[in-house]
Amino acid sequence: MTNAGGEAYLSPASLLNEQIKIRESKSMSSIMQSKNMGARLDKLFRGTTMFFAFLVFILLFGIVLTLFVGSLPALKAFGPSFFTSTAWNPVEIQFGGLVPIYGTFITALIAMVIGIPVSFGIAIFITELSPVWLKRPIGIAIELLAGIPSIIYGMWGLFVFAPLFADHVQPWINDNLGALPLIGQVFQGPPMGIGMLTAGFILAIMTIPFTSSVMRDVFEIVPTMLKESAYGLGSTTWEVVWNVVLPYTKTGVVGGIMLGLGRALGETMAVTFVIGNAHELSASLMMPGNTISSALANEFTEAVGDIYTSSLITLGLTLFVITFVVLALAKILLIRLSMREGKQS
Amino acid sequence: MTQLNNKRYLRRKIVNNLTLSISLLTVLFALTFLVWILWTLFSQGLSHVGLDVFTKMTPPPGSSGGLLNAIVGSLYMVLIATFIGTPVGVLAGTYLAEYGKSGWLAPTTRFINDILLSAPSIVIGLFVYEVAVNTVGHFSGWAGALALSLIVIPVVVRTTENMMQLVPSTLREAAAALGAPYWKVIVNIVYRSAKTGIMTGLLLAVARISGETAPLLFTALNNQFWSADMSKPISSLAVVIFQFAMSPYEDWQHLAWAGALLITLFVLGLNILARTIFRPSQSQS
């Protein structure tokens, strides 16, 4: 446009002027056209990206709906008692989900009892203690733990860890913790190596990288001024962590724990190797058990008949709903922390 | 008085030293398992990794063989899953980063995506079984690739969004001021600046699905023979490792360890590549 205008100014001849006017109007229209094109392409691009975002959005409902439809036969046959029954009999077509649901929660609980303090310690080490040059290598090494495929944890757990655990750790637990009043029963059992305790322990190692990396991230957002004020008053490093860093990041820490919990609840292959796959409810952690995910991995392809398959799908739906709630809580807590941080800064 | 203060000071000092030593121990605890697992893989697997592993099919129990069909099957499914998952993930991530400032769809999708990111992979397998196996009537490599792609998508969405948000808005404004329509700004400016970051996310996604077993169990199933036909059950390294490791046959177990070593080296290699080469000193801390 400016070009055309400039030419018009430079050429005095009216004929030329005329020509230029024509050219100008032409270029005007082509610009308008390309503007229209641009706007249309803009809309198209926006629409395309929106479509795929919507696809991700709808995926969740697709999963829930599909699993719900799949679980209808079992729910119709057994009703709500499916969730309280310990029956698991493919021959008589009697199924109940209590054993795997219980196992899922117990193994995840063991994982949390071991995993939370360790993750906390790692996060403290990386954010408060480690020299700067060591932070990155240690961070990467811990994250590599999350990179190791779950099936490898399973093989290692079954062939290497479980025998050692049976020979050296379980007898000790039997003798010492098993002798305790009231809770002793929980720690008594045959030292087989496999079972819920082993599964929980391996889950703990697997969730450590997730929990500790969230903890580390939230510890790092604590304003340096706050920490320095506490140090200035004469606090030790531990007192700063316990009285300043932890209260400040409380919601984020809980969010990280929930994230680890969500992982532990849904973990499949590692547990399948070491849980023992027994449909029996027992108070002892040494006994083999089952989790929802390992029941699915072990039995789904071999399940015969609608009710059997549908019962397993019901378990899958239950697992999905449980992890959804846990992960959603984790997310909400983390969002709340970052919102508070946003307000303050 | 001073004595009391000294005592208290001493106690605080001891508590401090104790807790900080424990914190050091927790790091060593975690690293021990990393080293232990890697050492196990090398000591058990290395002696069974030979040329046979890459040139022969999975054997029946009691005879020698390799893992060729499993490796090829894994490769196919991972490739296809990446090809399906990447465009979907990148475009959805683009929406969240560029158009996600208003409306309900973006925040909800972001929330759901973060949950899908950690959702149990076995449930994804169950979903794909219902959608792509039960309806067709047989297991297939396509179903396996689809299940894996559903795991790729959330990872790619997340990294794409994060990386695009790191691109300074002054760059976008500069391009817009020159008259570029928004889609051109995104494609030519934002994508280009965020390329390395998005690639990193992609590598991590590939690393993640390469070792996945659970979603393949009831989608791709397994196949003892050579098959490159994606519409039939197809073998994959992870599922073969599972089957062979759980078997009582020694040959199979040896092959399982060899496969375990290969898969772990591949996955960890991708992880290290993504974290070191593709992410230059941007997050030093």
Side-chain angles (χ1 to χ4, degrees), chain A residues 38 41-42 45-46 48-50 52-57 59-60 63 66-67 70 117-118 121-122 124-125 129 135 138 140-142 144-145 147-152 155-156 160 205 208 220 236-239 259 262-263 266 268-269 293 296-297 300-301 313 316 319-320 323-324 327-328 331, chain B residues 12-13 15-16 19-20 22-24 26-27 29-31 33-34 37 40 88 91-92 94-96 99 105-106 108-109 111-116 118-123 126-127 130-131 153 157 181-183 207 211 213-214 217-218 221 238 241-242 245 256 260 263-264 267-268 271 275 285:
Chain A
L41 276 174
D42 250 354
F45 190 76
R46 184 174 192 273
T48 317
T49 60
M50 193 171 170
F52 284 109
F54 191 71
L55 210 64
V56 174
F57 170 76
L59 181 62
L60 181 86
I63 292 174
T66 315
L67 293 185
V118 175
I122 292 171
I124 293 175
F125 184 85
L129 292 180
K135 279 187 181 188
I138 288 194
I140 289 183
I142 301 288
L144 283 187
L145 265 183
I148 296 177
S150 131
I151 189 167
I152 305 299
M155 280 180 81
W156 170 81
V160 180
I205 301 167
I208 283 168
E220 259 160 13
T236 61
T237 309
W238 169 249
E239 284 163 349
L259 194 73
R263 290 273 175 175
T268 310
M269 297 320 291
S293 50
L296 283 169
F300 192 75
T301 42
I313 292 177
L319 176 65
F320 192 68
T323 48
F324 181 88
L327 293 171
K331 191 77 190 108
Chain B
R12 288 175 54 203
K13 229 174 140 182
V15 167
N16 186 49
T19 47
L20 296 186
I22 291 174
S23 141
L24 178 64
T26 58
V27 174
F29 176 81
L31 294 182
F33 287 102
L34 181 68
I37 291 171
T40 306
V88 177
L91 286 171
T94 306
Y95 181 80
L96 297 186
Y99 303 105
L105 181 61
T108 327
T109 306
F111 189 82
I112 286 176
N113 187 69
D114 276 357
I115 286 173
L116 290 176
S118 307
S121 55
I122 192 144
V123 175
L126 214 51
F127 166 66
E130 285 287 297
V131 171
I153 290 170
V157 170
Y182 199 29
W183 70 272
T213 319
L217 285 175
F218 8 99
L221 201 67
I241 291 173
F242 179 49
I263 217 169
T264 310
V267 170
L268 294 190
N271 264 294
R275 278 172 222 283
S285 55

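If you're wondering where the values come from, they're calculated on a predicted model, not measured in any experiment. Labels below follow one simple rule: chain letters A, B, ... track the order of the sequence lines, proteins then strands, and each chain is numbered from 1.
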*Asks:* Does any heavy atom of chain B fall under 4.5 Å from the side chain of A:Ile152, the backbone, both, or neither of them?
*Replies:* side chain

*Asks:* Heavy-atom distances under 4.5 Å only: say whether B:Ala207 touches chain A with side chain, backbone, both or neither.
*Replies:* neither

*Asks:* Nearest 0.5 Å, please: how far is CG in A:Leu59 from OG1 in B:Thr109?
*Replies:* 11.0 Å

*Asks:* Where is the tightest heavy-atom contact between B:Asn16 and A:Thr237, given as atom of each residue plus distance?
*Replies:* OD1-N, 3.5 Å

*Asks:* Just so I understand: if I count every heavy-atom pair under 4.5 Å between each of B:Phe218, B:Trp183, B:Phe33 and chain A, which residue has the most?
*Replies:*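 Going by pairs under 4.5 Å, I would pick B:Trp183.
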
*Asks:* Looking only at heavy atoms, what is the nearest atom pair of A:Gly121 and B:Ser23, with distance?
*Replies:* O-OG, 3.2 Å

*Asks:* Can you say whether B:Leu105 sits under 4.5 Å from chain A via the side chain, the backbone, both, or neither, judging by heavy atoms?
*Replies:* side chain

*Asks:* I need the minimum non-hydrogen distance between B:Gly211 and A:Ile151, along with the two atoms involved.
*Replies:* O-CG2, 4.4 Å

*Asks:* Decide yes or no for B:Phe111 and A:Lys331: does some side-chain heavy atom of the first lie under 4.5 Å from some side-chain heavy atom of the second?
*Replies:*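 Counting from C-beta outward, B:Phe111 and A:Lys331 do come under 4.5 Å.
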
*Asks:* Are any of the side-chain heavy atoms of B:Tyr95 and A:Phe45 separated by less than 4.5 Å?
*Replies:* no

*Asks:* When rounded to the nearest 0.5 angstrom, what is the spacing between CD1 in A:Ile208 and OG1 in B:Thr26?
*Replies:*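 Between atom CD1 of A:Ile208 and atom OG1 of B:Thr26 there are 8.5 Å.
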
*Asks:* Quick check on the interface: out of B:Leu217, B:Asn271, B:Ile115, who has the most heavy-atom pairs with chain A under 4.5 Å?
*Replies:*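 The residue among B:Leu217, B:Asn271, B:Ile115 with the greatest pair count is B:Ile115.
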
*Asks:* Which bit of A:Ile148 is near chain B, if near means a heavy-atom gap under 4.5 Å: side chain, backbone, both or neither?
*Replies:*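 Interface part for A:Ile148: both.
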
*Asks:* Name the option with the most non-hydrogen atom pairs under 4.5 Å to chain A; the candidates are B:Leu116, B:Ile37, B:Ile263.
*Replies:* B:Ile37

*Asks:* Find the one option among A:Phe57, A:Phe54, A:Trp156 whose heavy-atom pairs under 4.5 Å with chain B are most numerous.
*Replies:*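 Looking at each option in turn, the highest pair count goes to A:Trp156.
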
*Asks:* Measure A:Ile63 against the heavy atoms of chain B and call it side chain, backbone, both or neither at under 4.5 Å.
*Replies:* both

*Asks:* Is it the backbone or the side chain of A:Leu41 that comes under 4.5 Å from a heavy atom of chain B, or both, or neither?
*Replies:* both

*Asks:* Do you know which two heavy atoms are closest between B:Pro120 and A:Thr323, and how far apart they sit?
*Replies:* CD-OG1, 3.5 Å

*Asks:* For a quick test of reading the model, state the closest non-hydrogen atom pair linking B:Val267 to A:Pro149 and the distance between them.
*Replies:*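 Nearest heavy atoms, B:Val267 then A:Pro149: CG2-CG, 4.2 Å.
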
*Asks:* Using heavy-atom distances under 4.5 Å, tell me whether B:Thr40 contacts chain A through its side chain, its backbone, both, or neither.
*Replies:* side chain

*Asks:* Return the option, out of A:Val118, A:Asp42, A:Leu327, with the maximum number of heavy-atom pairs under 4.5 Å with chain B.
*Replies:*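 Answer, by heavy-atom pair count under 4.5 Å with chain B: A:Asp42.
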
*Asks:* Testing the basics here: between B:Leu91 and A:Thr49, what is the closest heavy-atom pair and its distance to 0.1 Å?
*Replies:* O-CB, 3.4 Å

*Asks:* Assess whether side chain to side chain contact (heavy atoms under 4.5 Å, CB included) is satisfied between A:Met269 and B:Phe242, documenting all intermediate values.
*Replies:* CA-CA 8 Å; A:Met269 297 320 291; B:Phe242 179 49; 3.6 Å; yes

*Asks:* Taking the side chain as everything from C-beta on, heavy atoms only, tell me whether A:Leu129 gets closer than 4.5 Å to B:Leu24.
*Replies:* no

*Asks:* Please list, chain by chain and in numerical order, all residues satisfying side-chain contact (heavy atoms from CB on, under 4.5 Å) with B:Glu130, sequence neighbours excluded.
*Replies:*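 Applying side-chain contact (heavy atoms from CB on, under 4.5 Å) to B:Glu130 gives A:Thr66, A:Ile313, B:Asn134.
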
*Asks:* Residues in side-chain contact (heavy atoms from CB on, under 4.5 Å) with B:Ala245, at least two apart?
*Replies:*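 Checked B:Ala245 against side-chain contact (heavy atoms from CB on, under 4.5 Å); matches are A:Met155, A:Phe159, A:Phe273, B:Ala256.
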
*Asks:* As an exercise, state the distance from CG of A:Leu144 to OG1 of B:Thr264, rounded to the nearest 0.5 Å.
*Replies:* 11.5 Å

*Asks:* So which of B:Val131, B:Leu221, B:Val157, B:Val123 has the largest heavy-atom pair count under 4.5 angstrom toward chain A?
*Replies:*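 Of B:Val131, B:Leu221, B:Val157, B:Val123, B:Val123 has the most heavy-atom pairs under 4.5 Å with chain A.
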
*Asks:* So, do B:Lys13 and A:Thr236 sit near enough that their side-chain heavy atoms are less than 4.5 Å apart?
*Replies:*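 Counting from C-beta outward, B:Lys13 and A:Thr236 never come under 4.5 Å.
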
*Asks:* Is there a side-chain contact between A:Thr268 and B:Thr213 in this structure, where contact means two heavy atoms from C-beta onward sitting under 4.5 Å apart?
*Replies:* no

*Asks:* Any idea which of B:Ile122, B:Asn113, B:Val27 has the most non-hydrogen atom pairs under 4.5 angstrom with chain A?
*Replies:* B:Ile122

*Asks:* Out of B:Ala30, B:Ala106, B:Ser121, return the one with the most heavy atom pairs under 4.5 angstrom to chain A.
*Replies:*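 Most heavy-atom pairs within the cutoff with chain A belong to B:Ala30.
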
*Asks:* Would you call A:Leu145 and B:Leu31 a side-chain contact if the rule is heavy atoms closer than 4.5 Å?
*Replies:*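 No - every pair of side-chain heavy atoms lies 4.5 Å or more apart.
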
*Asks:* Sort B:Phe29 into side chain, backbone, both or neither according to what part of it lies under 4.5 angstrom from a heavy atom of chain A.
*Replies:*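 Only the side chain of B:Phe29 comes within 4.5 Å of chain A.
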
